[in-house]
Every structure is written in C-alpha cells, then in structure tokens.
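As structure tokens, the structure follows; a few thoughts come after it.
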There are 2 protein chains.
Amino acid sequence: MQQQALTEAVYYILLSLQHPLHGYGIIQNVDELSKGRVKLAAGTLYGALNTLESKGWIDALPENPESRKKEYVLTASGKTVLKEELLRLSELVENGKKLLEGN
Amino acid sequence: MQQQALTEAVYYILLSLQHPLHGYGIIQNVDELSKGRVKLAAGTLYGALNTLESKGWIDALPENPESRKKEYVLTASGKTVLKEELLRLSELVENGKKLLEGN
DNA sequence: CACGTTATATCGACATCCGATATATCGTGA
DNA sequence: TCACGATATATCGGATGTCGATATAACGTG
C-alpha cells in the first residue's frame with residue numbers, strides 16, 4: 001500500500017545517525033534514548049544498516065584501518081524520510097489522543 | 001526483544017474498534033482517520049482481525065443472520081494495549097522532535 | 001591471563017503486510 | 001432488467017523485518 005511507515009528499529013537507527021556513529025554505538029544510543037525500552041538485537045541492527053545503505057538513507061564512512069568500528073551517517077535523503085516519519089507518528093499520536101481521551 | 005510495538009495497521013484497527021464495527025467499515029474508518037494515507041489491504045485486515053481475536057484484544061460480536069457484516073469490538077485487554085501503544089508513540093515523537101529540532 | 005565488554009556478521013524461524021485472487025451481495029443508473 | 005461499482009469476507013504466496021542464537025575476534029582490566 002504505502003511504504004512510508006518505518007519500524008521502530010529503523011526510526012531509532014536513523015535518529016541516531018544524525019552524527020556519525022558505528023553499529024554497536026547505535027545499539028547503546030537507542031537503549032539510552034528509549035530509557036532501556038528498546039534493545040536492538042544484533043541481527044536487526046546489522047541487517048538494517050545494510051538495507052538502509054542500499055536505499056541511500058545512510059552512508060558508510062571511509063573505514064579507518066586503525067579501528068574495528070564501521071561508522072555510518074544519515075544522508076539528505078535519509079533526513080527527509082526521518083522528518084516525514086515524525087509527521088506520520090505525530091498523526092498517530094493525535095488520532096490516538098483524540099479517540100482515547102476520556103478513557 | 002520486546003513485543004510492545006504495534007504496526008500501524010493494528011494500531012488503527014484497535015483505535016477503530018472502541019465501538020463495534022465490521023471489517024469493511026474498519027477499512028473505511030482508517031482511510032478517513034488518516035485522511036487517505038492509510039488504506040488497509042483486505043489481506044492485512046482480515047488476517048489481523050483473526051490474530052487480534054486470538055490474542056484476546058478484540059471480541060467478535062454474535063453474528064446477525066440478517067447481515068453479511070461481522071462486527072468486532074475492543075476488549076478491556078485491548079484497550080490497555082492501545083493506551084500503552086499511545087505512550088510508546090508519544091515517546092517516539094518526543095525523541096524525534098528533540099533530536100530533529102533546528103533542522 | 002581469564003573474563004566481560006566491545007564489535008561486526010550471518011543464520012533460520014517467525015510474524016506481518018501486501019497485492020492478487022476469489023466469491024457473493026447490494027444499490028443504482030441507464 | 002441488467003450491468004457495474006461498491007460493499008463484504010476470505011485465502012494465498014511473496015517479501016520484508018525482527019528476533020535470538022551462533023560465530024569470531026579484539027580490547028580492557030583486575
């Protein structure tokens with residue numbers, strides 16, 4: 001139908017990549033951002049990073065031979081997707097508040 | 001990891017079932033609620049209704065032999081899930097606004 | 001030097017969503 | 001009246017996303 005809806009994992013990954021960060025750092029950042037609620041499984045994260053890169057929403061930074069870390073960063077296209085997602089989520093919250101109020 | 005996150009389809013279905021409604025009515029209601037953005041595919045809807053009923057989040061109302069319509073309604077348990085989901089979505093929006101502001 | 005953490009990666013299992021397809025009734029305008 | 005679009009439910013296969021498990025290895029520290 002539509003292909004706008006991001007999963008929670010992807011949303012938090014993109015939010016984390018407004019500044020360059022590596023995979024494991026994303027897991028920790030998301031954990032912190034969500035106050036421990038969202039703990040990304042390794043399979044989810046590394047799979048998603050590949051998918052997001054092939055979609056052009058994130059870029060892999062040149063690898064640093066002195067480090068094991070592979071850093072990624074949000075692209076302009078990724079930032080657009082992220083902003084649209086925030087609008088979509090806001091709509092969900094508004095509708096939820098409207099229809100649940102008084103309960 | 002967690003099993004809290006609802007999909008957009010399920011969220012809107014639950015929101016629609018605070019009052020009794022049948023499947024096709026849900027499709028129309030969600031279309032309207034989302035201003036045409038979310039058009040549930042039939043396979044998504046009828047599959048989800050079965051899943052949600054088996055989870056005890058919605059109940060099927062007694063069938064009316066005079067009508068083709070099968071009505072469903074939210075259970076107390078379903079309402080709890082829906083409220084928790086609204087909190088989760090609010091957290092996503094807050095985090096998104098915080099990290100995207102100034103962009 | 002052992003052990004927990006950091007770090008990346010792949011795998012199979014499972015759930016969800018989608019579009020397509022099927023079937024049938026209802027309402028309405030030509 | 002009859003054709004056609006809307007209403008209404010249902011199932012199917014394919015694609016995708018997430019998970020936990022598993023694997024591998026380097027790093028830091030007591």
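First the proteins, then the strands, lettered A, B, ... as listed; each starts at 1.
Between B/Lys39 atom NZ and C/dA20 atom C1' there is a gap of 18 Å when expressed in whole angstrom units. Taking atom OH of residue B/Tyr72 and atom C1' of nucleotide D/dA8, one finds them 12 Å apart after rounding to whole Å. A/Leu40 has its CG atom 7 Å from the P atom of D/dC19, to the nearest Å. In this entry the distance linking NE2 of A/His22 with P of D/dA26 reads 17 Å, nearest Å. Atom CD of B/Gln28 is separated from atom P of D/dA8 by 6 Å (rounded to the nearest Å). One can place NZ of B/Lys55 at 8 Å from C1' of C/dA15, the figure rounded to the nearest angstrom. For the pair B/Leu49 CG and D/dA8 C1', the interatomic distance rounds to 12 Å; values are reported in whole Å. Between the CG atom of B/Leu45 and the C1' atom of D/dA10 there is a distance of 11 Å, rounded to whole Å.
A donor-acceptor contact shorter than 3.5 Å is absent between the side chain of A/Thr75 and the backbone of A/Asp59. Checking side-chain atoms of A/Thr44 against main-chain N and O of A/Leu40 turns up no donor-acceptor pair under 3.5 Å.
Nearest to the side-chain atoms of B/Tyr24 among the listed nucleotides D/dA10, C/dT8, D/dT7 stands D/dT7. Minimum atom distance to the side chain of B/Thr51 is reached by C/dT16, of the listed D/dG17, D/dT18, C/dT16. In this structure, the nucleotide among C/dC18, C/dA7, C/dA9 sitting nearest to the side chain of A/Ala42 is C/dA9. Each of C/dT8, C/dT16, D/dT11 was ranked by its minimum atom distance to the side chain of A/Tyr46; first place goes to C/dT8.
Across all strands, B/Gly43 comes closer than 4.0 Å to base atoms (heavy-atom distances).
Contact of B/Arg68 with D/dT9 (side chain to base): no donor-acceptor pair of N or O atoms is detected under 3.5 Å.
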Worked check of side-chain hydrogen bond (donor to acceptor under 3.5 Å, both in side chains) between B/Asn29 and B/Tyr12
CA-CA 9 Å; B/Asn29 188 54; B/Tyr12 268 125; over 6 Å; no

Worked verdict on A/Arg37 versus B/Glu91 for salt bridge (Lys or Arg N to Asp or Glu O under 4.0 Å)
CA-CA 11 Å; A/Arg37 194 179 57 75; B/Glu91 175 199 296; 3.2 Å; yes

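Of the side-chain N and O atoms in B/Thr44, one or more sit less than 4.0 angstrom from OP1 or OP2 of C/dC18. Within the structure, every side-chain polar atom (N or O) of A/Thr7 is placed at least 4.0 Å from both OP1 and OP2 of D/dG17. Listed pair A/Lys69 / C/dA7 meets the phosphate criterion, a side-chain N or O lying under 4.0 Å from OP1 or OP2.
Side-chain contact check for A/Tyr11 versus A/Thr7: every heavy-atom pair is 4.5 Å or farther apart.
Toward the 5′ end of DNA chain C lies the nearest nucleotide of A/Gly23, the other residue of the pair B/Ala9 and A/Gly23 mapping further downstream. Each of A/Glu66 and A/Ala48 lies near DNA chain D, and the nucleotide nearest A/Ala48 is the one positioned closer to the 5' end.
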